[in-house]
Structure formats: C-alpha cells, structure tokens
Amino acid sequence: MSNVIVIGTQWGDEGKGKVVDVLAEKARLVVRFQGGNNAGHTMVVDGESFISHLIPSGILHPDKVCLIGNGVVVDPGVLIQEIEHLRGRGISVNPDNLIVSENAHLIMPYHKLIDHGRERVKGDKKLGTTGRGIGPCYEDKATRRGIRFCDLIDEEMFKDKLSCILGEKTFYLKEFLKSETIDEAAILEEYLPYAETLRPHVANVSVLISEAIKAGHNVLFEGAQGTHLDIDHGTYPYVTSSNTVAGNACCGAGIGPTRIDAVVGMVKAYTTRVGAGPFPTELEDEIGDRLQEKGAEFGATTGRRRRCGWLDTVVVRNAARLNGLTGIAMTKLDVLSGLDTLKIATAYQYKNDTLTEFPPSIKMLEGCEPVYEELPGWTEDLTQAKHFEDLPENARNYVKRVEELVETPVQIISVGPGRQQTMVLQDPF
Ligand code: GDP
Ligand code: IMO
Ligand code: MG
C-alpha cells in the first residue's frame with residue numbers, strides 16, 4: 001500500500017493528466033487538492049482525447065473513485081458541465097465515483113467578473129490569468145468570507161452568506177472596476193439548482209481517504225499547475241493563487257504528511273509557460289516555434305499559444321527540493337526528435353555571478369541569462385518506443401543527464417499523448 005503525489009515542476013502543462021491516468025490503474029482513489037478549473041489536464045485513450053478541468057484524471061477508469069479535496073476551488077456550473085460531457089461520451093460519473101469535499105470553496109459569478117475586471121484594468125501589466133475567478137475565490141477563503149459546498153447544500157445558509165457578501169462585491173465591481181454586476185436573484189436562480197444536482201456528491205473527503213488507506217488501498221494525489229506557479233515559491237506575482245507544491249496535498253485533501261510515500265515530479269522535456277511572467281530559457285526564434293508546433297503547445301483551458309524554450313534544470317532542481325521529489329516523469333521526449341543540438345540550462349548568469357539556485361526576485365530573474373550545456377540530438381521517431389533500450393543513444397543520454405543534474409531518478413518516460421505511449425521504468429507505488 002502506498003500513497004503517491006504527482007505535481008508539475010515547471011509552469012504547468014507538463015502532462016500531469018496523462019501520467020495520472022496511467023498511474024490511476026494502481027490506485028483506488030485519485031484526489032485533486034488545489035487549484036480549480038484553471039487547470040486543463042489531457043488524457044488520450046484509444047485515440048480519444050479528454051480534457052479535465054476539475055474532475056480528477058482517474059475518471060476514465062470505471063473502478064476508481066475521484067475526490068475533489070477541500071483545497072480545490074470549484075465552479076459548480078463547470079463541474080456539472082464536465083460530468084454531463086463525460087456521461088455523453090459513455091463515461092460513468094455518479095455519486096459513488098465522484099465526490100466533492102463539503103469544505104471546498106465555491107467559485108461565484110462575482111469572482112469571475114472580478115478576475116476579468118482586474119485584468120482589464122491592469123492593461124499590459126495583466127497577469128494573463130485564465131479568467132476563471134480562481135484568485136478572487138481564494139481571496140475570499142483567506143478573508144473568511146467564502147461560500148463552501150456545505151453552505152451551498154443548506155439553502156438558508158447559502159442565502160445568508162450570499163446576502164452578506166454581495167453588497168461589497170457589487171460596490172467594488174461597479175465603482176472601482178467599472179464592470180457589470182450580478183444581482184442576488186440571478187445568483188440564486190443559477191446556484192440553487194446546482195445544489196440539488198451536486199448534493200449527492202458532497203461528503204467528507206478526508207474521512208474517505210483515511211478509510212481507503214486503512215483498508216490498504218493506494219491513493220494518488222493529482223496536482224494542478226506547476227511549482228513555479230506556486231503562490232509562495234513561484235515567480236510571484238506571476239503565479240496562481242494556491243500552493244501547487246506537494247506539501248499542499250496534505251492540507252488540500254485533509255491527510256497528514258506521514259501518509260505520503262512518494263512524490264513524482266512531472267518534467268516536460270523542454271519548457272513551456274502560458275500567461276505573463278519571467279521565463280529564462282524562452283526561445284523567441286524558429287526553434288521555439290518548432291517546439292510550439294510539434295508539441296501542439298496550445299493551452300488546454302484557454303487555447304492560448306504556449307511560450308516555449310529549452311529545458312531548465314535550475315527550475316527542475318528547485319522543484320526537486322521544494323517538493324521532495326522521489327522520482328521524475330518526463331514527457332514529450334518525442335517532440336525533441338529532429339533537432340541537431342539540444343540545450344539544457346544548468347545555471348544562470350546574473351551580472352558577474354553564476355547562480356545555481358532559482359532566484360526569488362523576479363527582477364533578478366528577468367536579468368538572468370541561462371548557462372547552457374549542449375547535447376547532441378537524434379533524428380529517430382520515438383513515439384513507438386516501449387522500453388528505455390528502444391530509445392536512440394542520444395535520447396537515453398539526454399534522460400540520464402537530466403537525472404544527474406536534478407539528482408532524481410527518471411521513473412517514467414512519455415513519448416506521445418496516448419496512454420500506451422508510456423514507459424514505466426520504476427513504479428512509484
Ligand atoms: P497537464 O495540464 O499537466 O495535464 O498537461 P496538458 O494536458 O495541459 O498539456 C500536455 C499536452 O501534451 C496534452 O495535449 C497531452 O495530450 C500532450 N502530451 C502529454 N504527454 C505527451 C508526450 O509524451 N508526447 C506528446 N507529443 N504529447 C504529450
Ligand atoms: P495545469 O493544471 C498552465 C497560469 C495562467 C496565469 C497564472 C494565473 O493545466 O497545468 P489563474 O487563472 O490561476 O489565476 O492564472 O497561472 N495557469 C496555468 N498555466 N497550466 C495550468 O494548469 C495553469 N493554471 C493557471 O496562465 O499565467
Ligand atoms: Mg494543462
């Protein structure tokens with residue numbers, strides 16, 4: 001029996017959905033613990049693609065139970081749409097296999113209006129958020145004015161909490177952001193039916209996880225975003241509003257740290273970022289365009305073109321420390337085929353100093369030039385490789401060099417979006 005956390009080491013979109021879908025085979029429960037529908041996790045099974053924003057990426061396995069922990073911020077309308085979409089594609093989603101924590105906070109219509117309004121007011125200084133209301137919802141959670149699932153399913157409580165908070169939100173939207181507003185009647189008309197639909201799915205997630213662990217089942221925790229979008233450890237303020245690091249799996253799901261056995265860090269074989277913020281190894285040239293095109297680097301949530309660049313092991317090493325990584329899952333190695341030379345950043349040059357640790361200040365980060373090591377590329381197509389030995393020597397050397405630089409074993413290698421295009425060299429469970 002063991003419990004494994006999967007998190008992103010870079011700026012998100014490393015392929016967490018794919019690897020969680022593969023590892024879910026071994027688990028009984030798959031648990032989301034932070035973020036919301038800013039996430040977009042892709043699973044490709046038998047040529048069919050599924051993108052999950054809120055529902056954990058174990059949902060395609062009929063015998064698994066998917067839990068949305070207290071640390072997730074949930075837009076109930078999006079959750080219902082996602083349930084219906086999956087049902088429409090023949091996937092069974094019901095109160096036995098999808099459960100939401102009673103303590104999870106609700107994204108309300110005013111959170112989305114505030115998110116959009118603030119980005120508009122910031123103009124070219126905007127963060128490039130996903131516009132899903134994530135930040136404003138976590139803000140209300142921290143100031144103790146949030147509305148939770150336990151409130152939603154208690155009509156009186158929901159009405160009370162809403163009427164307490166709405167005046168202030170309306171004032172801020174109208175007077176400060178010069179934005180449209182939404183009135184109480186409209187919110188009640190939309191949200192009270194959500195309560196009826198979702199009530200059977202609401203339960204105590206912490207207790208369910210504890211019972212599963214006692215019964216000897218494996219539990220898989222699915223991170224969203226990536227370590228460098230973490231509110232404390234990322235490129236603040238160009239971050240999301242939650243802790244994305246592995247430590248938050250415990251807070252956001254309601255379990256203790258003694259229950260965790262392994263932490264798998266997702267590493268894309270190169271680097272991408274969506275939205276604004278520093279990105280030392282970004283390539284604004286034909287190699288960047290090539291990675292973007294060959295890697296089909298468009299956001300799974302907003303459809304935005306992802307910025308692309310070389311692999312940065314200053315970033316991945318930072319993530320190895322912050323998350324206590326026990327292993328790496330490397331994705332998209334296939335995308336690097338056909339490049340003569342590959343570069344890996346091993347340090348940053350900042351003025352007269354060589355930095356080997358990721359600097360905390362974004363001003364400093366913006367002045368950093370990556371120090372690269374060059375490795376020979378390969379031309380072979382990797383997408384059919386089944387074993388490490390099937391990879392060309394230069395691809396194997398690339399993987400081994402990352403292991404050395406990050407001082408963490410590569411346990412999984414992914415060479416295509418499909419579930420089968422995965423080599424599990426060491427099983428994290
Ligand atoms: P997540 O947010 O970390 O789950 O990642 P996304 O789903 O947003 O983005 C990863 C994208 O890469 C998706 O389109 C996946 O289908 C795709 N993908 C995942 N692994 C591989 C791989 O090894 N090779 C290729 N070519 N595509 C992959
Ligand atoms: P997954 O789980 C990549 C980015 C946004 C923006 C910043 C803040 O699919 O890896 P937010 O809406 O969270 O307030 O936006 O964070 N962002 C992501 N980038 N992958 C994600 O999730 C992301 N979730 C948020 O682009 O820069
Ligand atoms: Mg994504």
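Note that the numbering runs from 1 along the sequence shown for the chain. Only a predicted model underlies this, so the values are computations on that prediction, with no experimental measurement involved. Counting starts at 1 for both ligands and their atoms, following the listed order. The analysis underlying the following values was restricted to heavy atoms, covering all of them including side chains, and did not include hydrogens, waters or symmetry mates.
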List ligand 2 atoms under 4.0 Å from [X], heavy atoms only on the residue side.
{"X": "Ala224", "answer": "2 (O)"}
{"X": "Trp11", "answer": "3 (C), 19 (N)"}
{"X": "Gly275", "answer": "27 (O)"}
{"X": "Ala39", "answer": "1 (P), 2 (O), 9 (O), 22 (O)"}

Taking N or O atoms only and a 3.5 Å limit, does [X] qualify as a polar contact for ligand 1?
{"X": "Lys18", "answer": "no"}
{"X": "Gly416", "answer": "yes"}
{"X": "Val44", "answer": "no"}
{"X": "Gly15", "answer": "yes"}

Give the contacting part of [X] toward ligand 1: side chain, backbone, both or neither, where contact means a heavy-atom distance below 4.0 Å.
{"X": "Leu333", "answer": "neither"}
{"X": "Thr42", "answer": "both"}
{"X": "Lys294", "answer": "neither"}

Students should be able to answer this: which protein heavy-atom is nearest to [atom], and at what distance?
{"atom": "atom 1 (P) of ligand 1", "answer": "Lys16 N, 3.5 Å"}
{"atom": "atom 23 (C) of ligand 2", "answer": "Gln225 CG, 3.6 Å"}
{"atom": "atom 12 (O) of ligand 1", "answer": "Lys332 NZ, 2.9 Å"}
{"atom": "atom 10 (C) of ligand 1", "answer": "Asp13 O, 3.8 Å"}
{"atom": "atom 23 (O) of ligand 1", "answer": "Ser414 OG, 2.5 Å"}
{"atom": "atom 12 (O) of ligand 2", "answer": "Thr130 OG1, 2.6 Å"}
{"atom": "atom 26 (N) of ligand 1", "answer": "Asp334 OD2, 2.8 Å"}
{"atom": "atom 15 (O) of ligand 2", "answer": "Thr129 CA, 3.3 Å"}
{"atom": "atom 4 (O) of ligand 1", "answer": "Gly17 N, 2.8 Å"}
{"atom": "atom 20 (N) of ligand 2", "answer": "Asp13 OD1, 3.2 Å"}
{"atom": "atom 27 (O) of ligand 2", "answer": "Val274 O, 3.2 Å"}

Report yes or no: does a heavy atom of Met330 sit under 4.0 Å from some atom of ligand 1? no
Do any heavy atoms of Gly40 fall under 4.0 Å from ligand 1? yes
If you measure from each heavy atom of [X] to ligand 2, is any distance below 4.0 Å?
{"X": "Arg304", "answer": "yes"}
{"X": "Gly8", "answer": "no"}
{"X": "Arg306", "answer": "no"}

Whether the side chain of [X] engages the backbone of [Y] through a donor-acceptor N/O pair (distance < 3.5 Å, no angle test) should be reported.
{"X": "Lys18", "Y": "Gly416", "result": "yes"}
{"X": "Thr130", "Y": "Asn38", "result": "no"}
{"X": "Thr326", "Y": "Val263", "result": "yes"}
{"X": "Asn243", "Y": "Val245", "result": "no"}
{"X": "His201", "Y": "Val100", "result": "no"}
{"X": "Arg132", "Y": "Thr301", "result": "yes"}
{"X": "Glu190", "Y": "Ile187", "result": "no"}

Salt bridge check: are [X] and [Y] linked by an N-O gap of less than 4.0 Å?
{"X": "Glu297", "Y": "Arg306", "answer": "yes"}
{"X": "Arg118", "Y": "Glu139", "answer": "yes"}
{"X": "Asp140", "Y": "Lys169", "answer": "yes"}
{"X": "Asp289", "Y": "Arg305", "answer": "yes"}
{"X": "Arg419", "Y": "Asp21", "answer": "yes"}

Name the option, out of [options], that contains the heavy atom nearest to [atom].
{"atom": "atom 17 (N) of ligand 2", "options": "Leu229, Val239, Thr240, Asn38", "result": "Leu229"}
{"atom": "atom 10 (O) of ligand 2", "options": "Lys16, Gln10, Glu222, Glu14", "result": "Lys16"}
{"atom": "atom 5 (C) of ligand 2", "options": "Gly135, Gly299, Gly128", "result": "Gly128"}

With Ile413 as reference, evaluate Asp334, Val399, Leu382 under the side chain to side chain contact (heavy atoms under 4.5 Å, CB included) test and give the passing residue. Val399
Could you check Leu311, Leu229, Thr227 and say which one makes a side chain to side chain contact (heavy atoms under 4.5 Å, CB included) with Gln10? Leu311
For the pair His228 and Phe358, name the ring-plane relationship: parallel under 30°, tilted 30 to 60°, perpendicular over 60°. perpendicular
Between Gly40 and ligand 2, is there a nitrogen or oxygen pair with a distance under 3.5 Å? yes
Any side-chain heavy-atom pair from [X] and [Y] closer than 4.5 angstrom?
{"X": "Arg32", "Y": "Val72", "result": "yes"}
{"X": "Lys332", "Y": "Tyr270", "result": "yes"}
{"X": "Pro56", "Y": "His41", "result": "no"}

Would you say the ring centers of Phe279 and Trp11 fall short of 6.0 Å from each other? yes
With a 6.0 Å cut-off on ring centres, are His105 and Phe149 close enough? no
Taking all non-hydrogen atoms of both residues into account, name the closest pair between Asp381 and Ser337 and its distance. CA-OG, 4.3 Å
Pull out every atom of ligand 1 sitting under 4.0 Å from any heavy atom of [X], numbered as shown with elements.
{"X": "Arg306", "answer": "6 (P), 8 (O), 9 (O)"}
{"X": "Val335", "answer": "26 (N)"}
{"X": "Val415", "answer": "23 (O), 24 (N)"}
{"X": "His41", "answer": "1 (P), 2 (O), 4 (O), 7 (O)"}

How does Leu127 reach ligand 2, by side chain, by backbone, by both or by neither, if only non-hydrogen atoms under 4.0 Å count? backbone
Taking the N/O/S atoms of Asp13 one by one, which is nearest to the Mg ion (ligand 3)? OD1
Is Gly40 close enough to the Mg ion (ligand 3) that one of its N, O or S atoms comes in under 2.8 Å? yes
